[in-house]
Amino acid sequence: MEEMKTRLTSDLAQAASLDELEKIRVAYLGKKGSITNLSRSVDFGKLSPEERKDFGRRFNEIKLWAEEALAQASARLQAAGASQAAGAVDLTLPGARRSLGSLHPITLVQMELEQIFQGMSFIIGTGFHVEREYYNFDALNIPGDHPAREMQDTFWLTNGMLMRTHTSANQVRMLEKHGAPLRAIFPGRCFRYENVDASHENTFYQLEGLMVDKGISIAHLIGVMKALLDQVFHQDVKVRLRPGYFPFVEPGFELDCQCLICGGDGCKTCKHSGWIELLPCGMVHPRVLKFGGVDPMRYSGFAFGLGLTRLAMMKYGIPEIRLMNSGDVRFLSQFPAAV
Ligand code: PHE
């Protein structure tokens with residue numbers, strides 16, 4: 001038995017694979033294995049009860065020892081195999097995927113709208129967050145004593161400039177720079193001194209549009225607005241047009257869309273009215289054209305100020321505006337990384 005132990009130990013040390021190990025197991029512990037045969041090699045009739053007991057004990061001992069030694073050898077070979085596999089380079093494997101983050105829903109909507117308008121030959125402008133009073137108000141036919149200034153509570157800066165309250169502040173800048181004819185959109189961040197609730201933020205995005213040319217009429221305005229909404233929502237959105245007042249358009253309109261969060265039944269987002277104010281618009285006031293150096297006798301145009309933040313809320317079914325500026329990764333990670 002002792003000799004068998006020594007042999008098995010050296011056989012196991014030489015085994016280089018699990019297959020070889022299995023052969024060793026059969027050679028020692030199989031039906032005709034050398035350890036199994038030990039019990040057959042003994043004539044139990046010739047042994048005293050004492051000797052029989054002694055043999056049985058030692059036979060079981062060596063069997064258990066052999067099983068244990070085989071299990072250890074097998075574990076050693078498996079571990080070696082695994083680390084070998086880990087160290088090997090498989091050039092056909094795809095690379096490890098890196099998490100890329102995602103685009104903000106407002107960015108996604110903005111990119112989509114920019115594509116739509118570029119398809120209609122509009123150029124894209126930007127403007128400034130910190131703006132002069134002149135462009136935000138006066139040049140838009142809103143002089144200092146005009147009650148319309150109170151419609152938009154303003155963050156004034158100590159140097160007399162302001163945080164633009166609307167992207168309309170860029171209208172006259174665009175007219176000054178490019179003249180007529182002009183087709184332009186200018187998306188961007190706007191700021192108002194407002195109380196924050198489910199549908200109001202003090203920081204939000206608008207996308208302004210301006211089209212000036214000879215003979216532009218309300219029909220052009222409605223046509224472009226419809227093209228825009230049809231493409232953005234990829235569905236038949238119910239809209240309504242109401243008269244709206246803005247000093248820099250005449251006539252002015254409010255284009256509302258049926259609330260897509262509640263389907264028009266009324267909810268927190270639409271203040272239980274079933275409608276969302278989405279698209280204030282109108283025909284550019286002749287005074288604004290003049291401020292921009294464009295002759296209102298020769299040119300006319302329309303302008304609109306799309307609420308980009310609200311549009312994103314409608315498109316993605318976001319019921320709460322405060323999520324937009326929250327930086328909450330659980331919210332943000334629901335959006336794709338590209339359009
Ligand atoms: N600037 C206006 C606002 O923010 C919206 C508007 C833009 C209205 C263009 C008419 C034309 O309320």
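Every heavy atom of this structure was used, including side-chain atoms; hydrogens, water molecules and symmetry mates were not. Remember, it's 1-based here, ligands and their atoms both numbered in the order they're listed. What you see is a predicted model, and the numbers here were worked out from it, not measured in a lab.
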Please determine if Glu208 has a nitrogen or oxygen closer than 3.5 Å to a nitrogen or oxygen of ligand 1.
-> no

Of the backbone atoms (N, CA, C, O) and the side-chain heavy atoms from C-beta on, which set of Cys190 has a member under 4.0 Å from an atom of ligand 1: side chain, backbone, both, or neither?
-> neither

Is there a nitrogen or oxygen of Gln171 sitting under 3.5 Å from a nitrogen or oxygen of ligand 1?
-> no

Check ligand 1 against Gln206 and write out every atom of the ligand that is under 4.0 Å from a heavy-atom position of the residue.
-> 3 (C), 4 (O)

Show which atoms of ligand 1 fall inside a sub-4.0 Å distance from at least one heavy-atom site of Gly305.
-> 7 (C), 9 (C)

Give a yes/no verdict on whether any heavy atom in Ala303 is under 4.0 Å from an atom of ligand 1.
-> yes

Hey, does Leu210 have a side-chain heavy atom less than 4.5 Å from the side chain of Leu175?
-> yes

When clusters are formed from ILVMFWY side-chain contacts under 4.5 Å, directly or step by step, what else is grouped with Val130?
-> Phe155, Leu157, Met161, Met163, Phe191, Tyr193

Could you say whether the N/O atoms of Thr165 and ligand 1 ever approach to under 3.5 Å?
-> no

Hey, is Phe304 touching ligand 1 through its side chain, its backbone, both or neither, going by heavy atoms under 4.0 Å?
-> backbone

Distance flag, aromatic centroids of Phe128 and Tyr135, threshold under 6.0 Å | no

Does ligand 1 have any atom that is closer than 4.0 Å to a heavy atom of Phe248?
-> yes

Salt-bridge present (Glu50, Lys53; N to O < 4.0 Å) | no

Between the side chains of Asn141 and Arg287, does any donor sit under 3.5 Å from an acceptor?
-> yes

Cut-off 3.5 Å, side chains only: do Thr203 and Asn325 have a donor facing an acceptor?
-> no

Scan for salt bridge (Lys or Arg N to Asp or Glu O under 4.0 Å) pairs involving residues 119-146, sequence neighbours excluded, and state none if there are none.
-> Glu131-Arg173, Glu133-Arg149, Asp138-Arg149

Would you kindly specify which portion of Arg192 sits under 4.0 Å from ligand 1, judged on non-hydrogen atoms: side chain, backbone, both or neither?
-> side chain

